[in-house]
Structures are given as structure tokens and as C-alpha cells.
*Asks:* 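To start, I am sharing the structure in question, which I have written as C-alpha cells.
Computed from a prediction, not measured in an experiment: that's the story for all the values here. The first residue of the sequence shown is numbered 1, and numbering continues consecutively from there.
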Amino acid sequence: MAQKDYYEILGVGRNATPDEIKKAYRALTRKYHPDLHPGDKEAEAKYKEINEANEVLSDPQKKAQYDQFGTVGDMGAGGFSGGGFGGFDFGEDLGDIFGNLFGMGGRSRRSNPNAPTRGDDLEYGMRISLEDAYRGTKRTVEVTRVETCGHCHGNGAEPGTNVKTCATCNGSGVVAQVTNTPFGQMRQQHVCPTCHGKGRSIETPCKECHGSGHIRRRHPVEVTIPAGVDTGLRLRVAGHGNAGTNGGPSGDLFIMIEVADDSRLTRTGDDLATSIEITYPQAVLGCTVSVETFEGEEKLNIPAGTQAGSKLRIRGRGMPRLRYRGTKGDLNILVRVTVPKNPTKKEKEILRELAKEMKVTVKE
């Protein structure tokens with residue numbers, strides 16, 4: 001059973017289309033973005049949960065696995081996941097359990113506590129303008145991350161002091177407990193209570209990191225945002241996550257993009273849209289007007305006889321396409337025909353003459 005219902009988190013049904021999932025995700029990220037709720041831990045947790053759900057449901061392969069097994073990850077035979085069984089973690093491999101029960105031996109899944117381990121990934125939410133999304137930009141962000149202590153170089157001991165192998169677990173990081181059962185002996189492993197799984201004992205902890213081997217620091221990271229990004233996109237900045245342990249590589253930093261609305265242009269996929277207002281004579285006789293784009297004003301020809309509510313298009317003036325570099329979407333223009341509220345005396349005379357010519361009835 002999955003601990004979280006990703007469909008419920010995004011507020012969509014299990015038969016939701018990719019577009020429906022994307023739309024729900026965009027709406028929720030706008031609602032719960034940390035920038036809109038500074039210091040609100042509940043909103044921050046909700047934002048992370050929404051991104052977690054979207055990461056699974058927007059990926060066809062992960063979604064298929066989630067729909068089938070209710071979880072995502074490396075699946076074993078018969079749908080077993082990780083080191084657990086039926087949702088419970090026994091603290092050792094199934095091979096160890098059944099090996100001890102039936103005398104087949106087994107191996108511990110506990111890896112060498114001193115082996116290099118990759119650091120955790122980090123996430124950072126970034127809100128940019130639609131114009132920045134159109135042009136692409138660079139931003140420097142301050143990220144608080146775990147770094148290797150420079151004083152002890154990560155071993156946790158004050159320089160010049162000794163680091164010994166843990167006498168309790170002999171460096172394995174775990175201790176074994178054997179329990180007699182009607183089927184034989186069951187062997188379970190637990191984290192060593194003396195060294196807490198590190199496999200070594202520090203006599204004099206480092207005065208900078210207090211024995212952890214790591215410190216937390218704010219670190220500036222320059223992020224390149226490509227033209228055409230949209231809300232929900234995750235940008236990966238390799239190696240800028242938390243530091244690894246025992247010489248392992250650092251994790252990555254993932255930038256979660258949110259594109260703000262623009263007062264001039266609206267976006268639908270790779271297309272942009274705006275509206276213009278023209279007068280009745282311009283609609284009847286045709287004209288040329290200027291339309292604002294992110295590249296400056298663009299001349300647009302209004303054909304004679306254009307109706308109110310008509311939609312015109314300027315190709316190649318929309319958003320840059322991420323997947324097809326060098327191409328752009330289109331700019332769609334909605335035509336509105338304005339009616340003067342307070343026409344002059346001369347304008348009224350002309351309009352009455354026009355009404356007579358068109359044989360339509362108007363107020364005197």
C-alpha cells in the first residue's frame with residue numbers, strides 16, 4: 001500500500017490526462033509556493049508533497065509503476081520493495097530471514113559504513129517573470145547545504161587525534177541479535193548503539209563540526225535558466241546538493257521553476273496571446289496596428305471586414321520551444337471593436353447618414 005495518494009494530493013482522478021495533471025499541478029504550486037507563505041512550514045511541506053506527486057504522475061514509467069504497485073522504486077520479484085515485506089522493514093534482507101529459518105545462510109544488506117556515500121539532493125523554488133522565461137536568464141541563489149568540514153576534512157576528529165575502530169561492532173556499524181523461534185533461530189541486525197552505524201570511535205571530536213564531519217553553510221549558486229521554461233520544470237544543477245560521506249560525491253540541486261503571469265501577454269503552452277482594440281471604421285475598411293511583443297512592437301495588418309472577436313496570428317512570436325531549439329510558438333491576437341461612448345456632434349451626423357445608407361433604424 002502506498003503511504004501517499006498522489007492523485008488525491010493533486011486533486012485529480014486516476015483517469016486524469018497528462019494535461020489535467022499538469023494543470024492541477026500548476027494551480028497548486030501557485031497556491032502553496034513558499035514565496036507566498038514565508039515562514040509557513042505547513043505550506044512548505046504541502047509544496048514539497050505536490051512536487052513529489054507531480055514527479056511521479058508526470059513520468060509515464062513512474063506513473064505506471066505507481067498505478068500497479070502503489071509505490072515507486074526498485075521492485076523485486078512479486079512486488080516486494082527495498083528491504084521490506086508487506087510494508088514492514090525487518091531490519092535485514094529476506095534472504096537473511098529465510099536463511100536463518102531454514103538453515104540456508106544469508107548475507108546482510110548492511111553495507112560497509114565507511115564506504116563512500118553520495119550526498120542528498122536539494123530542492124529550491126524559483127519564481128521568474130514570463131519575459132525571463134521567454135529570453136532565458138541567469139540567477140544566483142543562496143542555498144543552505146551540508147559541506148565537508150574543512151577543519152577535520154570530514155573524518156569528524158580533531159586534527160592530530162586518533163580515530164579507532166568501534167569495539168562494540170568491530171567496524172561493521174551493526175550488532176546482531178539472535179532470537180530462538182519454533183522454526184529455529186532468527187538473526188536480526190540493528191545499528192550499533194556505540195558508534196551509531198559509523199563503525200569507528202572518535203576520542204576527540206572536531207571542534208568545528210562536533211564530530212559529524214560536516215557543517216551547514218549558505219552557498220551562492222549561479223543557475224542558468226534556458227529560454228522557454230514553464231511552471232513545473234525541474235532544472236538540475238549537478239554537484240550542488242549536500243556533500244557525500246567518506247569521500248562520496250555531492251548530491252544535486254534541483255531548481256523548481258514557477259513562471260509568474262504577465263500583464264501584457266498570456267501563455268498557453270508555447271503560444272502567447274494578447275488583445276487589441278480597433279474602431280468600427282478600422283474594422284470595416286482595414287488598417288495596420290502595432291502589437292506589443294517581447295521583441296518590441298510588431299506591425300499587424302487588419303483585413304477589411306474584420307469582425308469583433310476575430311483571432312489573428314503572428315507566427316514565430318510565441319515562446320521558445322525547449323524541445324525544438326531555434327523554433328517558437330505563435331502570438332495569437334484577439335480583435336476587439338470599440339464603440340465610442342460620447343461621440344461628437346459631427347460623428348453623430350456621419351453615423352446617421354451611414355445608418356440611412358445601410359437602411360437601419362437608429363435613435364434620433
*Asks:* Any heavy-atom pair between the side chains of Val141 and Val223 that's under 4.5 Å?
*Replies:*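 Val223 vs Val141: side chains touch.
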
*Asks:* In Å and rounded to the nearest 0.5 Å, what is the NZ to CD distance from Lys348 to Glu353?
*Replies:*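 So the gap between those two atoms works out to 15.5 Å.
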
*Asks:* Run Glu222 and Arg139 through salt bridge (Lys or Arg N to Asp or Glu O under 4.0 Å) and show every step you take.
*Replies:* CA-CA 6 Å; Glu222 186 177 72; Arg139 294 280 185 88; over 6 Å; no

*Asks:* Quick one: does Arg200's side chain have a donor or acceptor within less than 3.5 Å of a partner on Asn155's backbone?
*Replies:*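 Checked: pair present.
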
*Asks:* Test side-chain contact (heavy atoms from CB on, under 4.5 Å) on Asp132 and Tyr134; report intermediate values, then the result.
*Replies:* CA-CA 5 Å; Asp132 280 343; Tyr134 175 84; over 6 Å; no

*Asks:* Has Glu20 got a side-chain atom pairing as donor or acceptor with Thr17's backbone, closer than 3.5 angstrom?
*Replies:*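 Answer holds: yes.
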
*Asks:* For Glu8, I'd like to know if atom CD has over 12 heavy atoms of other residues, nucleotides or ligands within 6.0 Å.
*Replies:*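 Atom CD in Glu8 is not packed in, count stays at 12 or less.
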
*Asks:* Return yes when atom CZ of Arg218 has more than 12 non-hydrogen atoms of other residues, nucleotides or ligands closer than 6.0 Å, and no otherwise.
*Replies:*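 Above 12, so yes.
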
*Asks:* Find out whether Ile257 and Arg127 are in side-chain contact, i.e. whether some heavy atom of one side chain is under 4.5 Å from a heavy atom of the other.
*Replies:*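 Ile257 vs Arg127: side chains apart.
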
*Asks:* Using ring pair (Phe, Tyr, Trp, His ring centres under 6.0 Å) as the criterion, list what pairs up with His33, not counting sequence neighbours.
*Replies:*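 Per chain and number, His33 pairs via ring pair (Phe, Tyr, Trp, His ring centres under 6.0 Å) with Tyr47.
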
*Asks:* Of all the heavy-atom pairs spanning Thr338 and Thr279, show the shortest one and how long it is.
*Replies:*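 Scanning both residues completely, I find the closest heavy atoms to be OG1-CA, 4.0 Å.
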
*Asks:* Donor-acceptor pair, Asp40 side chain versus Glu42 backbone, under 3.5 Å?
*Replies:*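 Present.
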
*Asks:* Going from CD on Glu147 to NE2 on His214, what distance comes out if it is rounded to the nearest 0.5 angstrom?
*Replies:*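 These two atoms lie 10.0 Å from each other.
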
*Asks:* Do Thr161 and Thr204 pass the side chain to side chain donor-acceptor pair (under 3.5 Å) test, and can you show the C-alpha distance, the side-chain angles, and the key distance before you say yes or no?
*Replies:* CA-CA 6 Å; Thr161 63; Thr204 307; 4.6 Å; no

*Asks:* Rounded to the nearest 0.5 Å, what separates atom SG in Cys206 from atom NE2 in His151?
*Replies:*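 Rounded to the nearest 0.5 Å, the SG-NE2 separation comes out at 4.5 Å.
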
*Asks:* Going hydrophobic residue to hydrophobic residue with side-chain gaps under 4.5 angstrom, can you get from Val360 over to Val284?
*Replies:*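 Same cluster: Val360 reaches Val284 through Ile, Leu, Val, Met, Phe, Trp or Tyr contacts under 4.5 Å.
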
*Asks:* Applying a strict under-4.5 Å side-chain criterion to I, L, V, M, F, W and Y, I'd like to know whether Val237 and Tyr124 cluster together.
*Replies:*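 Yes, Val237 and Tyr124 fall within the same hydrophobic cluster.
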
*Asks:* Step by step, work out the salt bridge (Lys or Arg N to Asp or Glu O under 4.0 Å) result for Arg234 and Glu55.
*Replies:* CA-CA 9 Å; Arg234 288 203 328 164; Glu55 184 179 354; 3.5 Å; yes

*Asks:* Should we say atom CZ of Arg325 is surrounded by more than 12 heavy atoms from elsewhere, each under 6.0 Å from it?
*Replies:*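 No, because the 6.0 Å sphere around CZ of Arg325 holds 12 heavy atoms or fewer from other groups.
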
*Asks:* Taking all heavy atoms of Cys287 and all of Gln282, pick out the closest pair and write down the distance.
*Replies:*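 Nearest pair, atom of Cys287 first, then Gln282: SG-CB, 3.6 Å.
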
*Asks:* Rounded to the nearest 0.5 Å, what separates atom CG in Asp120 from atom CG in Asp252?
*Replies:*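 Atom-to-atom, Asp120:CG and Asp252:CG are 11.0 Å apart.
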
*Asks:* Mark yes when over 12 heavy atoms from residues, nucleotides or ligands other than Glu295 sit less than 6.0 Å from its CD; otherwise mark no.
*Replies:*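 Counting other residues, nucleotides and ligands, CD of Glu295 exceeds 12 neighbours.
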
*Asks:* Under 6.0 Å from the CZ atom of Arg336, do we count more than 12 heavy atoms belonging to anything else shown?
*Replies:*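 No, CZ of Arg336 has 12 or fewer neighbouring heavy atoms, counting only those of other groups under 6.0 Å.
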
*Asks:* Regarding Lys22 and Ser58, is there a side-chain donor-to-acceptor distance under 3.5 Å anywhere?
*Replies:*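 Not at all, the side chains of Lys22 and Ser58 share no donor-acceptor pair under 3.5 Å.
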
*Asks:* Just checking Asn15: does its CG atom have more than 12 heavy atoms from other residues, nucleotides or ligands closer to it than 6.0 angstrom?
*Replies:*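 No - once you tally the heavy atoms of other residues, nucleotides and ligands closer than 6.0 Å, there are 12 at most.
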
*Asks:* Can Met256 be reached from Leu322 by stepping across I, L, V, M, F, W or Y side chains whose heavy atoms are under 4.5 Å apart?
*Replies:*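 No; tracing contacts between hydrophobic side chains, which count when under 4.5 Å, never links both residues.
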
*Asks:* What heavy-atom pair brings Leu334 and Gly309 nearest, and what distance separates the two atoms?
*Replies:*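 For Leu334 versus Gly309, the nearest heavy atoms are CD1-O, 3.5 Å.
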
*Asks:* Walk me through it: do Glu131 and Arg135 pass the test salt bridge (Lys or Arg N to Asp or Glu O under 4.0 Å)?
*Replies:* CA-CA 6 Å; Glu131 186 166 358; Arg135 300 187 184 282; 3.1 Å; yes

*Asks:* Go through the steps for Leu130 and Leu272 under the test side-chain contact (heavy atoms from CB on, under 4.5 Å), then give the verdict.
*Replies:* CA-CA 10 Å; Leu130 182 60; Leu272 293 173; 4.1 Å; yes

*Asks:* List the residues meeting side chain to side chain contact (heavy atoms under 4.5 Å, CB included) with Leu122, not counting sequence neighbours, and say none if there are none.
*Replies:*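 Leu122: side chain to side chain contact (heavy atoms under 4.5 Å, CB included) contacts with Val143, Arg145, Asn242, Leu253.
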
*Asks:* When you measure from the side chain of Glu123 to the backbone N and O of Asp121, does any donor-acceptor pair fall under 3.5 Å?
*Replies:*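 No.
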
*Asks:* Hey, does Arg317 have a side-chain heavy atom less than 4.5 Å from the side chain of Glu298?
*Replies:*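 The answer is yes, as the side chains (C-beta and beyond) meet within the 4.5 Å cut-off.
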
*Asks:* Should Ile302 and Leu312 count as side-chain neighbours, where that means a heavy-atom distance under 4.5 Å?
*Replies:*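 Yes - at least one pair of side-chain heavy atoms lies under 4.5 Å apart.
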
*Asks:* With side-chain contact (heavy atoms from CB on, under 4.5 Å) as the criterion, how do Val174 and Cys192 come out once you've worked through the C-alpha distance, each side chain's angles and the decisive distance to 0.1 Å?
*Replies:* CA-CA 5 Å; Val174 295; Cys192 175; 5.9 Å; no

*Asks:* Quick one: CG on Leu28 to CD on Glu49, what's the gap to the nearest 0.5 Å?
*Replies:*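 Result: 10.5 Å between the selected atoms.
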
*Asks:* Using the salt bridge (Lys or Arg N to Asp or Glu O under 4.0 Å) rule, take Asp261 and Arg264 through it: C-alpha gap first, then chi angles, then the decisive distance, then the call.
*Replies:* CA-CA 9 Å; Asp261 293 333; Arg264 299 161 295 173; over 6 Å; no

*Asks:* Pairing donors with acceptors under 3.5 angstrom, does anything connect the side chains of Glu44 and Tyr32?
*Replies:*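 Glu44 vs Tyr32: no donor-acceptor pair found between side chains.
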
*Asks:* Stepwise, does the side-chain contact (heavy atoms from CB on, under 4.5 Å) test hold for Cys209 with Cys152?
*Replies:* CA-CA 8 Å; Cys209 66; Cys152 67; 3.7 Å; yes

*Asks:* Identify, with sequence neighbours excluded, every residue that meets ring pair (Phe, Tyr, Trp, His ring centres under 6.0 Å) alongside Tyr25.
*Replies:*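 For Tyr25 there are no ring pair (Phe, Tyr, Trp, His ring centres under 6.0 Å) partners, ignoring immediate neighbours.
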
*Asks:* Kindly check if the number of other-residue, nucleotide or ligand heavy atoms within 6.0 Å of CZ (Arg217) is above 12?
*Replies:*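 No, the 6.0 Å shell around CZ holds no more than 12 heavy atoms from other groups.
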
*Asks:* Side-chain heavy atoms nearer than 4.5 Å, only ILVMFWY residues, links allowed to pass through others: does that put Ile225 and Met319 together?
*Replies:*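 Yes, Ile225 and Met319 fall within the same hydrophobic cluster.
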
*Asks:* Please report the closest heavy-atom contact between Cys149 and Glu208, naming both atoms and the distance.
*Replies:*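 Closest approach of Cys149 to Glu208, heavy atoms only: SG-CB, 3.9 Å.
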
*Asks:* Side chains of Lys23 and Asp19: does their closest heavy-atom pair fall under 4.5 Å?
*Replies:*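 No, their side chains stay 4.5 Å or more apart.
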
*Asks:* Is the count of non-hydrogen atoms from other residues, nucleotides or ligands lying under 6.0 Å from Glu142 atom CD greater than 12?
*Replies:*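 Counting other residues, nucleotides and ligands, CD of Glu142 exceeds 12 neighbours.
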
*Asks:* Taking Asp271 for the side chain and Leu331 for the main chain, is one N or O donor matched with an acceptor at less than 3.5 Å?
*Replies:*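 It does not hold such a pair.
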
*Asks:* Minimum heavy-atom separation for Ile333 and Val291, please, with both atom names.
*Replies:*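 In terms of heavy atoms, the two residues are closest at CG1-CG1, 4.2 Å.
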
*Asks:* In the structure I gave you, are the side-chain heavy atoms of Ile314 and Asp330 within less than 4.5 Å of one another anywhere?
*Replies:*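 Answer no - side chains too far apart.
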
*Asks:* Identify the heavy atoms of Ala167 and Asn170 that sit nearest to each other, and give their distance.
*Replies:*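 Looks like O-OD1, 3.7 Å.
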
